[in-house]
Protein chains: 2
Amino acid sequence: MRRRAEYEKRARVIKALAHPSRLMMVDALVDGDLCVCELQKIVGSDMSTVSKHLSVLKAAGIVSDRKVGQQVHYSLRVHCILNFFECIEAVVKSAAGEQLELVR
Amino acid sequence: MRRRAEYEKRARVIKALAHPSRLMMVDALVDGDLCVCELQKIVGSDMSTVSKHLSVLKAAGIVSDRKVGQQVHYSLRVHCILNFFECIEAVVKSAAGEQLELVR
DNA sequence: GTCGTTGTTGGCAATTGTGCCAAATAGCCA
DNA sequence: TGGCTATTTGGCACAATTGCCAACAACGAC
């Protein structure tokens, strides 16, 4: 068994992913780097909101940023996030199946 | 690109995992079912707190419960959660590496 | 320099999450 | 039936998250 501190570190990373806008951004970044302006178009929120979401992802170590001309480009630091999504999707589908069973 | 509703579903599942106590319980359940009383020993919180955490995991479709005598046993519904942990750990380690770089 | 573009930060109100206590419930077992 | 054990629920105080607006910063273009 692991110590609580380890679970706290992990929880911090997971919490950073636990928001639909941030998930959208991470998913978009799988195909390559994007500037804040493009990410904003994708999630459709205020630029300041998008920027704050990105700072959450950055603080968790999920993305990194760099200046490119007048833009800031964000990129995924760890790509296994994709497998992760597959598993979450499995939970969602499993839950949906459960719903059907209840209706039967 | 996917619709926002899909990301909201996923975020709900991820949010359910975004707490150290709940991570501890999920990790403990990987090796087999456990009753609430044993999970309480593991996380060390009040029984009522543990019960509420479990109801969060259940609502997200991550665990299921069943009565066994006078106890309630919880079990993992989706085991790929394990790979998921590996990826999170990769992020944690990557972030730790980044810290070192900054210090250098 | 001044302007426009691109991002970040501060502040605030509203919402949501957390953890404890106390009270309620569900089943066993005498 | 009545008590006992295991668990859930209600309620409440406190902390954290979210999203918007407004203000600020950085920097290239003119």
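Numbered from 1 within each chain, the chains take letters A, B, ... in sequence-line order.
- In terms of modelled atom types and a separation under 3.5 Å, the side chain of B:Ser51 and the main chain of B:Ser48 share no donor-acceptor contact.
- Of the residues in residues 30-38 of chain B, not one comes within less than 4.0 Å of DNA chain C through any heavy atom.
- In this structure, B:Arg77 CZ and B:Asp65 CG are separated by 10.5 Å, a value rounded to the nearest 0.5 Å.
- Going from atom NZ of A:Lys15 over to atom P of D:dA15 covers 15 Å, rounded to whole Å.
- Applying the side chain to side chain donor-acceptor pair (under 3.5 Å) test to residues at least two apart or on different chains, the pairs with a partner in residues 13-23 of chain B are A:Arg4-B:Ser21, B:Arg22-B:His53.
- In terms of the side-chain hydrogen bond (donor to acceptor under 3.5 Å, both in side chains) criterion, A:Glu8 has no residue partners (sequence neighbours excluded).
- Here the CG-CZ distance, from B:Asp27 to B:Phe85, works out to 5.0 Å after rounding to the nearest 0.5 Å.
- Residue whose closest nucleotide on DNA chain D sits further toward the 5' end, between B:Leu54 and A:His19: B:Leu54.
- The structure places OG of B:Ser64 at 7.5 Å from CG of B:Asp33, a figure rounded to the nearest 0.5 Å.
- Here the C1' atom of nucleotide C:dT8 and the NZ atom of A:Lys58 are 10 Å apart, to the nearest Å.
- Side-chain heavy atoms closer than 4.5 Å link hydrophobic residues (I, L, V, M, F, W, Y) into clusters, and following such links, even through other members, never connects A:Val91 to B:Val56.
- Distances shorter than 4.0 Å separate some side-chain N or O of B:Tyr74 from OP1 or OP2 on D:dT8.
- Between its two ends, the helix from C:dG1-D:dC30 to C:dA30-D:dT1 turns its axis by 10°, counting five pairs per end and rounding to 10 degrees.
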Checking salt bridge (Lys or Arg N to Asp or Glu O under 4.0 Å) for the pair B:Glu6/B:Arg3: CA distance, chi angles, key distance, verdict?
CA-CA 6 Å; B:Glu6 287 214 43; B:Arg3 279 160 297 119; 3.7 Å; yes

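- For the pairing with A:Val36, the side chain to side chain contact (heavy atoms under 4.5 Å, CB included) check across A:His73, A:Lys41, A:Met47 returns one residue only, A:Met47.
- B:His53 has no side-chain polar atom (N or O) that falls below the 4.0 Å cut-off from OP1 or OP2 of C:dG17.
- We find that CZ of A:Arg4 is positioned 12 Å from P of C:dT18, with the value rounded to whole Å.
- Residue pairs meeting the disulfide (SG to SG under 2.5 Å) criterion with at least one partner in residues 40-83 of chain A, sequence neighbours excluded, are A:Cys80-B:Cys87.
- Residues B:Ile88 and A:Leu17 come closest through the heavy atom pair CD1-CD1, 4.3 Å.
- When the P atom of C:dT6 is taken as reference, atom CG of A:Asp65 falls 17 Å away, rounded to whole Å.
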Where along nucleotides 20-28 of chain D does protein come under 4.0 Å, by heavy atom, of base (B) or sugar-phosphate alone (S), with - for untouched nucleotides?
BBB------

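- Between the CG atom of A:Leu57 and the C1' atom of C:dG7 there is a distance of 16 Å, given to the nearest Å.
- In this structure, B:Gln40 places its CD atom 13 Å from C1' of D:dT8, rounding to the nearest Å.
- For D:dA6, the OP1/OP2 oxygens have no side-chain nitrogen or oxygen of B:His73 closer than 4.0 Å.
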